[in-house]
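The structure under discussion appears below in the form of structure tokens.
All chains are named by letter (A, B, ...) in the order of the sequence lines, taking the proteins before the strands, and each is independently numbered beginning at 1.
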There are 2 protein chains.
Amino acid sequence: MSQFCEQLKTAGLPLTTHRIAILEFMADNHSHPSAEDIYSALHQKFDSMSKMTVYNNLQTLVSSKLLQEIDIDKEKARYDCITATHHHFYCNVCKKIYDVALECPNLNHETMDGHAIESVQGYFFGTCRECRAG
Amino acid sequence: MSQFCEQLKTAGLPLTTHRIAILEFMADNHSHPSAEDIYSALHQKFDSMSKMTVYNNLQTLVSSKLLQEIDIDKEKARYDCITATHHHFYCNVCKKIYDVALECPNLNHETMDGHAIESVQGYFFGTCRECRAG
DNA sequence: GTGGCTGCAAATCATTTGCATATAC
DNA sequence: GTATATGCAAATGATTTGCAGCCAC
């Protein structure tokens, strides 16, 4: 049984072909694809897969914390298979998203000004090294 | 001449009644309102003000750095008259946004992994102190 | 068998676009 | 007088909703 099936079983989710395919695609693809990107890539292999299935599964997988949703791109949600807390850099030119490892002791508090913190997203914007060089 | 007119002059923007009104409203209102909120509040006083004028002016004012756009709320953009870098807490229950003063030396770098950083947004999510108490 | 998954079409809703008129300077 | 602001109506586009049939277990 693949690691993806195990992940789904642990999360208590039924194993469907499409759901496994999405997890597999995300594991192989660290470019932080959007729902549309995932749909474009997968509906070629599984020509029966609809965009709705992609949306439904992304929602389910995020709820079960098997994927993380990144809202750094105002246009559309992007997804990441790395669910441990980390941060992101968004290139305003090429619109690529890079993972960022940021050390900050103050980010580990469970509360802040009395508010209970459940999650943190650090979003950096600018021009990425490739676009600067090009 | 009001501080708002001076801000606009310094930014090289023409002084229009509506634009001044938006700046004034934002200075008095630290609840991080959305375009819709601003429109609802102002189109009562200035019944000629259309939603388009609000959208146009918000865009202009953000470009001129007289306002800051906050994209912590996936549903819609929110705006802040404090333009110095700071961060935000979003309450998943009441959807209010709180300002957050976060000290983190690593946030001051101009580059990261070779990427040129132009701006940083730290978004915290959870349940605010009021909703926890209530 | 039953509950969750799939996928089609239609709806939603913040925001953008095009354009004609009005206003700032 | 010219450039910019205003505001109307229509378009955009990601995402959601409702619902019938299908598949996992």
Side-chain angles (χ1 to χ4, degrees), chain A residues 1-2 4-23 32-40 42-64 66-67 69-79 95 97, chain B residues 1-2 4-23 32-64 66-67 69-79 90 95 97:
Chain A
M1 175 179 309
S2 80
F4 308 112
C5 298
E6 287 184 34
Q7 283 188 303
L8 291 170
K9 280 210 149 183
T10 305
L13 296 175
L15 282 64
T16 69
T17 311
H18 293 168
R19 185 169 291 163
I20 295 167
I22 290 174
L23 267 189
H32 308 89
S34 66
E36 181 74 36
D37 295 334
I38 298 167
Y39 170 72
S40 299
L42 291 184
H43 115 104
Q44 300 181 1
K45 275 191 229 171
F46 306 85
D47 59 310
S48 69
M49 186 188 289
S50 82
K51 202 175 288 189
M52 268 320 303
T53 298
V54 175
Y55 276 108
N56 285 334
N57 276 306
L58 286 174
Q59 201 168 297
T60 304
L61 293 170
V62 169
S63 294
S64 298
L66 297 184
L67 292 181
E69 181 175 333
I70 307 170
D71 293 318
I72 201 173
D73 181 345
K74 244 184 29 164
E75 311 262 308
K76 50 190 176 245
R78 311 267 295 247
Y79 296 87
K95 304 191 187 311
I97 294 176
Chain B
M1 176 178 308
S2 79
F4 308 113
C5 297
E6 287 186 32
Q7 282 187 304
L8 291 169
K9 279 210 150 183
T10 305
L13 295 176
L15 281 63
T16 70
T17 311
H18 292 169
R19 186 171 289 163
I20 295 167
I22 290 174
L23 266 189
H32 308 89
S34 65
E36 181 74 36
D37 295 334
I38 297 167
Y39 170 71
S40 299
L42 291 184
H43 117 103
Q44 301 181 1
K45 275 191 227 171
F46 306 84
D47 59 309
S48 70
M49 185 188 289
S50 82
K51 203 175 287 189
M52 267 322 301
T53 298
V54 176
Y55 276 108
N56 285 334
N57 276 307
L58 286 174
Q59 201 169 297
T60 304
L61 293 169
V62 168
S63 294
S64 297
L66 297 183
L67 292 180
E69 181 174 333
I70 308 170
D71 293 319
I72 200 173
D73 182 344
K74 243 183 32 165
E75 311 263 307
K76 51 191 174 241
R78 312 268 294 247
Y79 296 86
Y90 179 81
K95 303 190 188 311
I97 294 177

Completion exercise
In this structure, CD1 of I97(A) is separated from CD1 of I70(A) (nearest 0.5 Å) by 5.0 Å
Practice task
Mind checking E36(B) for me? I need base, sugar-phosphate or nothing, with any heavy atom below 4.0 Å counting as a touch.
Solution key: nothing
Handout entry: Residues forming a side-chain hydrogen bond (donor to acceptor under 3.5 Å, both in side chains) with S34(A), sequence neighbours excluded
Key = D37(A)
Exercise for the section: Using salt bridge (charged side-chain N to carboxylate O under 4.0 Å, His left out) as the criterion, list what pairs up with R78(B), not counting sequence neighbours. Expected result: D73(B)
Exercise for the section: Output yes when at least one side-chain N/O atom of H18(A) is less than 4.0 Å from OP1 or OP2 of dG7(C), else no. Expected result: yes
Completion exercise
Of L66(A), T60(A), N57(A), T17(A), the one forming a side chain to side chain contact (heavy atoms under 4.5 Å, CB included) with I22(A) is N57(A)
Exercise for the section: Please state how far atom OH in Y39(A) lies from atom C1' in dC8(C), giving the value in whole angstrom units. Expected result: 11 Å
Completion exercise
Note: A35(A) and V54(A) closest approach over all heavy atoms is O-CG1, 3.6 Å
Practice task
Can you tell me the distance, in whole Å, between the CG atom of L42(A) and the C1' atom of dT6(C)?
Solution key: 15 Å
Handout entry: ring-ring contact (aromatic ring centres under 6.0 Å, His included) partners of Y55(B), counting only residues at least two apart
Key = none
Completion exercise
First and last nt of DNA chain D near chain A, cut-off under 4.0 Å to heavy atoms, 5' to 3', are dA14(D) to dC25(D)
Problem - Degree of bending, the helix from dG1(C)-dC25(D) to dC25(C)-dG1(D) (end axes from five pairs; round to 10°) - result: 40°
Problem - Distance in angstrom units between L58(A) CG and dC5(C) P, rounded - result: 13 Å
Problem - E69(B) CD - dA14(C) C1' separation (whole Å) - result: 12 Å
Problem - By ring-ring contact (aromatic ring centres under 6.0 Å, His included) - contacts of Y39(B) (at least two apart) - result: H43(B)
Handout entry: Any residue of residues 49-56 of chain B with a heavy atom less than 4.0 Å from an atom of DNA chain D
Key = M49(B), S50(B), M52(B), T53(B), N56(B)
Every protein N/O lying under 3.5 Å from an N/O of nucleotides 23-25 of chain C:
| from | atom 1 | to | atom 2 | distance (Å) |
| --- | --- | --- | --- | --- |
| dA24(C) | O3' | L15(B) | O | 3.4 |
| dC25(C) | OP1 | L15(B) | N | 2.8 |

Problem - Test side-chain hydrogen bond (donor to acceptor under 3.5 Å, both in side chains) applied to E69(B) - qualifying residues, sequence neighbours left out - result: K74(A)
Exercise for the section: Nearest whole angstrom, please: distance from the C1' of dG4(C) to the CG of N57(A). Expected result: 11 Å
Problem - K74(A) NZ to dC13(C) C1', straight-line distance once rounded to whole Å - result: 15 Å
Completion exercise
Hits for side-chain hydrogen bond (donor to acceptor under 3.5 Å, both in side chains) against T16(A), two or more places apart or cross-chain, chain-then-number order -> none
Practice task
Using the salt bridge (charged side-chain N to carboxylate O under 4.0 Å, His left out) rule, collect all pairs that involve residues 50-64 of chain A, keeping only residues at least two apart or in two chains.
Solution key: E36(A)-K51(A)
Practice task
Kindly compute the distance separating OG1 (T53(B)) from CG (L42(B)), expressed to the nearest 0.5 Å.
Solution key: 11.0 Å
Practice task
Could you check whether S34(B) gets within reach of a base, just the sugar-phosphate, or nothing at all, counting any heavy atom under 4.0 Å?
Solution key: nothing
Exercise for the section: Would you give the length of the straight line joining atom CD of Q59(A) to atom CG of L67(A), rounded to the nearest 0.5 angstrom? Expected result: 12.5 Å
Practice task
Report the residues that fulfil side-chain hydrogen bond (donor to acceptor under 3.5 Å, both in side chains) with D71(B), sequence neighbours left out, ordered by chain and then residue number.
Solution key: none
Exercise for the section: First locate atom NE2 of H18(B), then atom CG of L23(B), and finally report the distance between them rounded to the nearest 0.5 Å. Expected result: 13.5 Å
